[in-house]
Amino acid sequence: MTETLATEALNRFKVDPRGLDWTDRLVLRTIMVQFRGGPVGLEAIAAATGEDAKTIEEVYEPYLLQIGFLSRTLRGRAITEAACQHLQAIAD
């Protein structure tokens with residue numbers, strides 16, 4: 001597999017340079033826009049995005065936490081400044 005082929009595949013699946021797909025970006029944008037950056041509860045995020053809360057928690061959240069785009073607080077989830085900057089820098 002060549003780098004060009006890999007880049008084309010990622011572009012077709014709309015995976016951005018940080019490895020986020022459209023659902024990752026949807027979760028982050030929802031927290032940023034609808035919930036003013038958080039903190040917000042998992043169930044509220046799920047309801048606003050149409051995603052299952054367990055799926056968000058088990059599939060999307062670990063990577064977002066790992067790269068420093070999401071934080072978990074006692075009051076709920078919040079996006080970080082790094083996430084806001086990334087979302088502003090990319091175009092869907």
Side-chain angles (χ1 to χ4, degrees):
M1 179 182 260
T2 66
E3 184 177 336
T4 304
L5 183 59
T7 301
E8 177 62 28
L10 292 172
N11 288 338
R12 284 187 183 199
F13 287 104
K14 297 183 180 182
V15 175
D16 70 25
R18 288 301 303 263
L20 304 180
D21 67 11
W22 68 273
T23 308
D24 295 310
R25 293 188 299 272
L26 173 64
V27 169
L28 292 173
R29 279 199 182 105
T30 299
I31 297 170
M32 184 173 73
V33 175
Q34 289 186 283
F35 300 104
R36 298 182 181 166
V40 60
L42 181 60
E43 293 297 329
I45 297 167
T49 61
E51 287 291 324
D52 178 66
K54 194 147 192 81
T55 301
I56 293 172
E57 186 174 39
E58 293 178 359
V59 176
Y60 300 105
E61 190 174 75
Y63 183 66
L64 296 175
L65 289 165
Q66 181 183 12
I67 64 171
F69 279 12
L70 188 69
S71 64
R72 290 175 72 173
T73 71
L74 294 175
R75 295 175 46 213
R77 276 77 172 161
I79 62 168
T80 64
E81 182 62 32
C84 291
Q85 290 174 359
H86 178 73
L87 291 174
Q88 291 170 353
I90 62 170
D92 251 359

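These figures come from a predicted structure and were not determined experimentally.
Applying the side-chain contact (heavy atoms from CB on, under 4.5 Å) test between Leu87 and each of Val33, Asp16, Leu28 identifies Leu28 as the sole match.
Annotation for Ala82 and Gly68: closest pair CB-O, 4.2 Å, computed over non-hydrogen atoms. Between Pro62 and Ile56 the shortest heavy-atom distance is CD-O, 4.4 Å. The shortest non-hydrogen separation linking Lys14 to Arg25 is O-NH2, 2.8 Å. When all heavy atoms are compared, the tightest approach of Ala46 to Glu51 is CB-O, 3.1 Å.
Under the 4.5 Å side-chain contact rule for hydrophobic residues, Ile67 and Tyr60 do not share a cluster. The hydrophobic cluster containing Leu65 also contains Met32, counting ILVMFWY residues as joined when their side-chain heavy atoms lie under 4.5 angstrom apart, directly or transitively.
With values rounded to the nearest 0.5 angstrom, Glu61 atom CD is found 11.5 Å from Lys54 atom NZ. For the atom pair Arg18 CZ and Leu64 CG, the distance stands at 10.5 Å (nearest 0.5 Å). To the nearest 0.5 Å, atoms CG (Asp21) and CG (Leu10) are separated by 11.0 Å. Expressed to the nearest 0.5 Å, how far OG1 of Thr49 lies from CD of Gln34 amounts to 9.0 Å. Atom-to-atom distance recorded for Arg29:CZ and Gln88:CD is 10.0 Å, nearest 0.5 angstrom. Within the model, atoms CD of Gln85 and CD1 of Ile90 stand 12.5 Å from one another, a figure rounded to the nearest 0.5 Å.
Between the Thr30 side chain and the Ile45 main chain, no donor and acceptor come within less than 3.5 Å of each other. Between the side chain of Arg77 and the backbone N or O of Leu70 there is no donor-acceptor pair closer than 3.5 Å.
Between Ile79 and Phe69 the shortest side-chain heavy-atom distance does not fall below 4.5 Å.
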